[in-house]
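Notes for the one structure printed next.
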Amino acid sequence: MQWNTSADFAPLVLFLGDRHKRKIVRTLRDAAEVLMTDWPFEDGEEYVAAVKACADAVLGQAGMDELRELLLSAAREAGMGVLTVIPGSSKTHMAA
C-alpha cells in the first residue's frame with residue numbers, strides 16, 4: 001500500500017477539539033498520523049478497531065474503504081465533527 005496516494009481514499013475532514021483545529025485525511029499516511037498523534041484519547045473500541053485497520057492497511061491486509069469506515073466510527077465515538085465527501089458525488093455531508 002502506498003502511504004501518500006489518495007486514489008482509494010475519499011477525503012475526510014476531522015474537527016479535533018474545537019471547530020478551529022481540523023485535520024484533512026486523504027491518504028493512509030494522514031490516517032496513521034491523525035490516529036497516532038492528534039486523536040483526543042487513546043481508548044474506545046472504535047478507536048482501537050481503526051488503529052488495527054490502519055496497521056492492516058499498511059501491511060496490505062485491509063482496504064482503504066474499511067479503514068475509512070472505521071475512522072468515521074472512531075470519530076463518532078470520540079464526539080468529533082466530520083466533513084465527508086461522498087465518493088462519486090459532488091455532495092458533502094457534515095456529521096457531529
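We count residues from 1, following the sequence as given.
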To the nearest 0.5 Å, tell me how far Glu45 CD sits from Ser73 OG. 11.5 Å
Quick one: CD on Glu77 to CG on Leu70, what's the gap to the nearest 0.5 Å? 11.0 Å
Phe15 CZ to Arg22 CZ distance, which is reported to the nearest 0.5 Å: 6.5 Å
Do Val51 and Met36 have side-chain heavy atoms sitting under 4.5 Å apart? yes
Where is the tightest heavy-atom contact between Ala50 and Ala74, given as atom of each residue plus distance? CB-CB, 4.1 Å
How far does CG of Asp65 sit from CZ of Arg68, to the nearest 0.5 angstrom? 8.0 Å
Might you work through the side chain to side chain contact (heavy atoms under 4.5 Å, CB included) test for Leu71 and Leu35, ending with a clear yes or no? CA-CA 9 Å; Leu71 193 58; Leu35 286 166; 3.7 Å; yes
Correct closest heavy-atom pair for Phe41 and Trp39 would be O-CD1, 3.0 Å
Taking the side chain as every heavy atom from C-beta outward, state whether Lys23 and Leu16 have any atom pair closer than 4.5 Å. yes
If you round to the nearest 0.5 Å, how far is CG of Leu28 from CG of Leu67? 6.5 Å
Between Asp38 and Lys21, is there a side-chain heavy-atom distance shorter than 4.5 Å? yes
Would you check if Asp30 and Ile24 make a side-chain contact, meaning some heavy-atom pair closer than 4.5 Å? no
How long is the span from the SG atom in Cys54 to the CE atom in Met64, to the nearest 0.5 Å? 7.5 Å
Flag if over 12 foreign heavy atoms under 6.0 Å of CD, Gln61: yes
